[in-house]
Amino acid sequence: MLKEIIIENVYDFDTAHIFDCGQCFRWNNDIGVVGSYVCKATYDEEKHLLKLETNGGTKEFWQNYFDLDTDYSAIKKMLAASDPDIIPALEYGQGIRILNQDIFETIISFIVSQNNNIPRIKKCIEAICARYGEQLGEYFGEMRYSFPSAGVLAEADVCDLAELKLGYRCEYIVSAARQYLKFGAPADYDELLSYPGIGPKVANCIMLFGLHSVEAFPIDTWVKHIMNDMYGFEKNDVKGMTGFARDRFGNYAGYAQQYLFYFYREKKD
DNA sequence: TCGCAGGTGGTCG
DNA sequence: CGACCACCTGCG
């Protein structure tokens, strides 16, 4: 049974920008699964209304999920002031928002993302949910599944996971779920690095998307291209890029990364 | 066939 | 340290 939630006075919002800027994998055609909730999001840019058709969650829950209490206009102003070169990217992805996502789901999702491409990442994650998640019911024409808990994945058989075409990431997933179960949610970058299958790039993604540490600046192949194109860094000078991001964007580096990533990735097609 | 895709871990020097 | 390199899988 779906209910409708309307949130008023929503600015700096565009579902395409939010769902395609690389932070999440379970939204398609503005329909997504968040926890045990299925949701279809529609934004009216004339009236600045966000309409959600969902099977659950309070208005406050969704308000937080979509990060609606953060002033993105102010963030864009600050980024533009610190670096005029980023302005085209700010305009192109004007509706980007960094979601407040579940930490465990983010950990597993970005372990799956390594050395992988987005369509296949999405396919892999849906396969994990269909196999190990809970049935939430049929919504918008198909059965929806929750993302499995750490307890369930910790007990998963590596060979079963292999059938989902996760490749060498199977072992990482089970080990990571066990570590999470044993020690609880990771709190910082170093703790994330101690997880199997998590290196600097994935750790920064989890910091930014799972822990909402908006100063994190994940450097993937796209950002490497950008930093080479726009700022003249050598392809593999990750250290230089990290320092540059920190110096230029400071505590807003994560936002900058999202605008730049979306701009370059979309522009390429 | 081969390189690449939102990289990481292991092994050398 | 830093530079290589193998690695599941699917696509162009």
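Chain identifiers are assigned alphabetically (A, B, ...) following the order of the sequence lines, protein sequences preceding nucleic acid strands; residue numbering begins at 1 within each chain.
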Task: P atoms of C:dG10 and B:dG9, separation to the nearest Å - done: 23 Å
Open item on the list: Of the listed nucleotides (C:dT9, B:dG7, B:dA5), which one gets closest to any side-chain atom of A:R120?
Closed with: C:dT9
Open item on the list: Applying a 4.0 Å non-hydrogen cut-off, can you work out what A:Q23 is touching in the nucleic acid: base, sugar-phosphate, or nothing?
Closed with: base
TODO: Sort out the partner of C:dC8 for me: Watson-Crick or G-U wobble, both distances under 3.5 Å, none otherwise.
DONE: none
Open item on the list: By the 4.0 Å heavy-atom rule, please label A:I198 as base, sugar-phosphate, or nothing.
Closed with: sugar-phosphate
Open item on the list: Ring centroids only, cut at 6.0 angstrom: are A:Y255 and A:F217 within range, meaning strictly under it?
Closed with: no
Task: A:Y172 (side chain) and B:dG9 (base): donor-acceptor pair under 3.5 Å - done: no
- [ ] Classify the angle between the aromatic ring planes of A:Y180 and A:F104 as parallel (below 30°), tilted (30 to 60°) or perpendicular (above 60°).
- [x] tilted
- [ ] Could you work out which one of C:dT9, B:dT8, C:dC8 sits closest to the side chain of A:P200?
- [x] B:dT8
Open item on the list: Given the structure, check if the side chain of A:R169 and the base of C:dC7 hold any donor-acceptor pair shorter than 3.5 Å.
Closed with: no
Open item on the list: Students often get this wrong, so: under 4.0 angstrom with heavy atoms, is A:G199 touching a base, only sugar-phosphate, or nothing?
Closed with: sugar-phosphate
Task: Selection from B:dA5, C:dC7, B:dT8 that lies nearest to any side-chain heavy atom of A:H225 - done: B:dA5
Task: Centroid separation A:Y72 to A:Y11 less than 6.0 Å - done: no
Task: Nucleotide of C:dG2, C:dG10, B:dT8 approaching A:K165 most closely (side-chain heavy atoms) - done: C:dG10
- [ ] Please confirm whether A:F209 and A:F110 have ring centers closer than 6.0 angstrom.
- [x] yes
- [ ] Kindly state whether the ring of A:H225 and the ring of A:Y264 have centres lying under 6.0 angstrom apart.
- [x] no
- [ ] Take atom OH of A:Y168 and atom P of C:dC5, then tell me their distance rounded to the nearest Å.
- [x] 17 Å
Open item on the list: Taking the nucleotide of DNA chain B with the nearest heavy atom to each, does A:Y195 or A:F25 sit closer to the 5' end?
Closed with: A:F25
Open item on the list: Taking C:dG2 as the reference, what is the distance to B:dA5 when you measure between their C1' atoms (whole Å, please)?
Closed with: 24 Å
